[in-house]
Asks: 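So that we are looking at the same thing, I have put the structure below in structure tokens.
These values consider heavy atoms only, across backbone and side chains, with no hydrogens, waters or symmetry-generated copies. Sequence positions, counted from 1, serve as the residue numbers for this chain.
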Amino acid sequence: MSIRIAVGQFNELTDEKLRFAAQIGATGIQMNTPKLPGEERWEEKDLRQLVEQTEASGLKLEAIENVPVHFYHKVMLGQPGREEQMENYCETIRNVGRAGIPVLGYHFMPNSVWRTDRSAPGRGGAGNTQFDQAVVDGFDNVEDLRQFLPTALGHRSAMPLIAKGDAVITEEQMWDNYKYFIDAALPVAEDAGVKLALHPDDPPVPMLGGVARLFYKLENFVRAYDLANSSSAWTLDLCLGCCSEMIGGKKNVQEMIEYFGPKGSISYIHFRDVQGTVPNFIECFIGEGNFDPAEVMVMLYKNGFDGFLLDDHVPQMDGDTPWNHRGRAHAIGYMQGLIRMAQHLKAA
Ligand SMILES: [Mn+2]
């Protein structure tokens, strides 16, 4: 297949979302942490229902991104009880495959995504999210920090462990935990015909709340790739926004595409950007961030990427919905124009 667009980042499959996707010209959808029955794992029949409902609209369910953090937080943190969670995670992978969903996205951030502002003023007064390490560092007390952070993203046990100080869970412990996870998950995914797609850490910093992070720089993705022993089930959900957030900004975007694109290791792309890099960045509209979106689209074609693109986070425009229909329509239209131009230039 060639590069295409999916509409996504919603958790309930409604006719309205399917009609939006069809009207805007997308060929598929993605769902993030769909609201499905099950406190420990998802069942085939519930996943299959999503596929059937999507296909009835003439669209393809390209991927599910993320199970709830509480399905595998003990695995990520290396806590007792991780074996049972891992067995359930593997059964979810099998059920994703049985339902006919080709990609399962995941992250390895036990304490999830952090932002310090959810409505920082952007272009023309649009609302953007922002991360500023200085704000996080201003908290001395972990309870105050927990109250400050949006709790919707994380399970209670997966929130910050400390406000300040050395890591409670070190990077090497996190590598052990990741290896345990991937050693168990990859063979199951291969058998199930499912590609697992790793999302970078957001924000990409070495440690937050006493929990070390892994996927904040290129060399750690290379280490993970090597750990996977050339398994075809190990792929990336390459969030260009997170790569752009990394120290060095747009050069990370280029290096990730050039390293993993030719290997066929990129399942899909979160096509978004930010201004600035860690320790302080703000999200923005495509075209006003750190990288040149036209240059990046041509780079994707030239490096053999043939998956789908997704808008991911977008600015909230005046009169927008909670899901940001207006901001998403801008991002999707922008991507469609870039794809057509890249095809015209025969970059494809
Ligand atoms: Mn992303």
Asks: Tell me the closest heavy-atom pair linking G122 and N128, and the distance in Å.
Replies: CA-ND2, 3.2 Å
Asks: Side chains of V7 and I332, heavy atoms from C-beta outward: is any pair under 4.5 Å?
Replies: yes
Asks: With distance as the sole criterion, is a donor-acceptor pair present between the side chains of S244 and N290 under 3.5 Å?
Replies: yes
Asks: Considering only heavy atoms from C-beta outward, does the side chain of K60 approach that of T27 to under 4.5 Å?
Replies: no
Asks: Is the backbone N or O of A233 less than 3.5 Å from a side-chain atom of S231, with the two atoms forming a donor-acceptor pair by type?
Replies: yes
Asks: Please check if atom NZ in K17 has more than 12 non-hydrogen atoms from other residues, nucleotides or ligands closer than 6.0 Å.
Replies: yes
Asks: Regarding Q316 and N324, do their side chains bring together a donor and an acceptor under 3.5 Å, going by distance alone?
Replies: yes
Asks: If you define the side chain from C-beta out and look only at heavy atoms, does anything of V51 sit under 4.5 Å from I101?
Replies: yes
Asks: Which class fits the ring pair Y334 and H330: parallel under 30°, tilted 30 to 60°, perpendicular over 60°?
Replies: perpendicular
Asks: Do the side chains of L214 and F221 get nearer than 4.5 Å, heavy atoms only?
Replies: no
Asks: At their closest point, which heavy atom of Q133 faces which heavy atom of V205, and how far apart are they?
Replies: OE1-CG1, 4.0 Å
Asks: Hey, does the side chain of Q30 reach the backbone of Q9 with a donor-acceptor pair shorter than 3.5 angstrom?
Replies: yes
Asks: If only atom types and distance count, is the side chain of N66 paired as donor or acceptor with the main-chain N or O of N32 below 3.5 Å?
Replies: no
Asks: Do N177 and V75 come within less than 4.5 Å of each other through their side chains, counting heavy atoms only?
Replies: no
Asks: Mind checking whether H270 and H199 have ring centres under 6.0 Å apart?
Replies: yes
Asks: Inspect the surroundings of CD1 in I162 and state if more than 12 heavy atoms from other residues, nucleotides or ligands are less than 6.0 Å away.
Replies: yes
Asks: Charged N to carboxylate O under 4.0 angstrom, R115 versus D202?
Replies: yes
Asks: With a 4.5 Å heavy-atom cut-off, do T235 and L196 have their side chains touching?
Replies: no
Asks: Show the numbers, then the answer: is there a side-chain contact (heavy atoms from CB on, under 4.5 Å) between M246 and M256?
Replies: CA-CA 12 Å; M246 294 172 193; M256 290 291 283; 5.7 Å; no
Asks: Are the side chains of F271 and P293 in contact, using a 4.5 Å heavy-atom criterion?
Replies: yes
Asks: Once rounded to the nearest 0.5 Å, what's the spacing between atom CD of E65 and atom SG of C239?
Replies: 8.5 Å
Asks: Would you call E172 and R223 a salt bridge, taking side-chain N to carboxylate O under 4.0 Å as the test?
Replies: yes
Asks: Pick one: which of N252, V253, I286 meets side-chain contact (heavy atoms from CB on, under 4.5 Å) with F291?
Replies: V253
Asks: Heavy atoms only: give me the nearest A189-I93 pair and the separation to one decimal.
Replies: CA-CG2, 3.7 Å
Asks: Are R19 and D15 close enough, and set up right, to give a salt bridge (charged side-chain N to carboxylate O under 4.0 Å, His left out), and what steps lead you there?
Replies: CA-CA 6 Å; R19 287 177 66 85; D15 285 343; over 6 Å; no
Asks: Ring-plane angle category for F215 and W175, please: parallel below 30°, perpendicular beyond 60°, tilted otherwise.
Replies: perpendicular
Asks: If you draw the axis of the six-membered ring of Y72, does the NZ or CZ of K74 fall within 45° of it and under 6.0 Å from the ring centre?
Replies: no
Asks: Taking everything shown except E84 itself, do over 12 heavy atoms lie less than 6.0 Å from its CD?
Replies: no
Asks: Looking at Y268 and G105, what are the two nearest heavy atoms and their distance?
Replies: OH-CA, 3.9 Å
Asks: Please determine whether residues V314 and L338 belong to a single hydrophobic cluster, defined as Ile, Leu, Val, Met, Phe, Trp and Tyr linked transitively by side-chain heavy-atom distances below 4.5 Å.
Replies: no
Asks: So, for Y106 and F181, is the gap between ring centers shorter than 6.0 Å?
Replies: yes
Asks: Would you check if the side chain of D320 reaches a backbone N or O of G327 as a donor-acceptor pair within less than 3.5 Å?
Replies: yes
Asks: Determine, using the 4.5 Å side-chain heavy-atom cutoff (strictly less than), whether I339 and I257 are members of one ILVMFWY cluster.
Replies: yes
Asks: Check R41 with E91, please: is the shortest side-chain N to carboxylate O separation under 4.0 Å?
Replies: no
Asks: Going from CG on N95 to SG on C90, what distance comes out if it is rounded to the nearest 0.5 angstrom?
Replies: 11.5 Å
Asks: Can you tell me how far the CG atom of L59 sits from the CD1 atom of I29, to the nearest 0.5 Å?
Replies: 7.0 Å
Asks: side-chain contact (heavy atoms from CB on, under 4.5 Å), that's the test. Do L208 and R213 meet it? Break it down for me.
Replies: CA-CA 7 Å; L208 280 173; R213 305 197 139 206; 3.7 Å; yes
Asks: Distance check, rounded to the nearest 0.5 Å: K35 atom NZ versus D46 atom CG?
Replies: 15.0 Å
Asks: Is it true that Q147 and E143 share a donor-acceptor pair across their side chains at a distance under 3.5 Å?
Replies: no
Asks: Is the closest side-chain donor-acceptor distance between Y259 and Q254 under 3.5 Å?
Replies: no
Asks: Identify whether NZ of Lys or CZ of Arg in R82 sits under 6.0 Å from the centre of the six-membered ring of Y180 and within 45° of that ring's axis.
Replies: yes
Asks: Can you tell me if Q336 uses its side chain to pair, donor with acceptor, with the backbone of R4 under 3.5 Å?
Replies: no
Asks: Ignoring hydrogens and angles, tell me if any N or O in the side chain of K179 forms a donor-acceptor pair with the backbone of L227 under 3.5 Å.
Replies: no
Asks: Quick one: does any side-chain atom of S119 pair with a main-chain N or O of G127 as donor and acceptor, under 3.5 Å?
Replies: no
Asks: Rounded to the nearest 0.5 Å, how far does NZ of K45 lie from CD of E43?
Replies: 6.5 Å
Asks: Cationic tip of K263 within the cone over Y225's six-membered ring, i.e. under 6.0 Å and within 45° of the normal?
Replies: yes
Asks: Using atom types as modelled and distance alone, determine if a side-chain donor or acceptor of R48 lies under 3.5 Å from a backbone N or O of R98.
Replies: yes
Asks: Quick check: closest heavy atoms across M109 and M76, and the distance to 0.1 Å?
Replies: N-SD, 3.6 Å
Asks: Taking the ring of Y89 and the ring of F71, is the distance between their centroids below 6.0 Å?
Replies: no
Asks: Supply the atom-to-atom distance M297 CE to I3 CD1, rounded to the nearest 0.5 angstrom.
Replies: 6.5 Å
Asks: Step through it carefully: locate the ring centre of F305, locate the ring centre of F260, and say whether they are under 6.0 Å apart.
Replies: no
Asks: Determine, step by step, whether T129 and D117 satisfy the side-chain contact (heavy atoms from CB on, under 4.5 Å) criterion, reporting the C-alpha distance in whole Å, the side-chain angles of both residues, the deciding distance to 0.1 Å, and the verdict.
Replies: CA-CA 5 Å; T129 78; D117 195 339; over 6 Å; no
Asks: Is the backbone N or O of H70 less than 3.5 Å from a side-chain atom of Q85, with the two atoms forming a donor-acceptor pair by type?
Replies: yes
Asks: Hey, can you tell me if F10 and W323 have their rings parallel, tilted or perpendicular (30° and 60° cut-offs)?
Replies: perpendicular
Asks: Determine, using the 4.5 Å side-chain heavy-atom cutoff (strictly less than), whether V103 and I5 are members of one ILVMFWY cluster.
Replies: no
Asks: I want to check a possible cation-pi pair here: R123 against F285, using under 6.0 Å from ring centre and within 45° of the ring axis as the test.
Replies: yes
Asks: Could you tell me whether K164 and D140 have a side-chain N and a carboxylate O separated by less than 4.0 Å?
Replies: yes
Asks: Look at the side chain of E52 and the backbone N and O of Q49, then say whether any donor-acceptor pair between them is shorter than 3.5 Å.
Replies: no
Asks: Does the distance from a Lys or Arg side-chain N to an Asp or Glu carboxylate O, for R272 and E283, drop under 4.0 Å?
Replies: yes
Asks: Measure the shortest side-chain to side-chain distance between V67 and W42 over non-hydrogen atoms and say whether it is less than 4.5 angstrom.
Replies: yes
Asks: Which atom names give the shortest non-hydrogen contact between R146 and L161, and what distance separates them?
Replies: NH2-CA, 4.3 Å
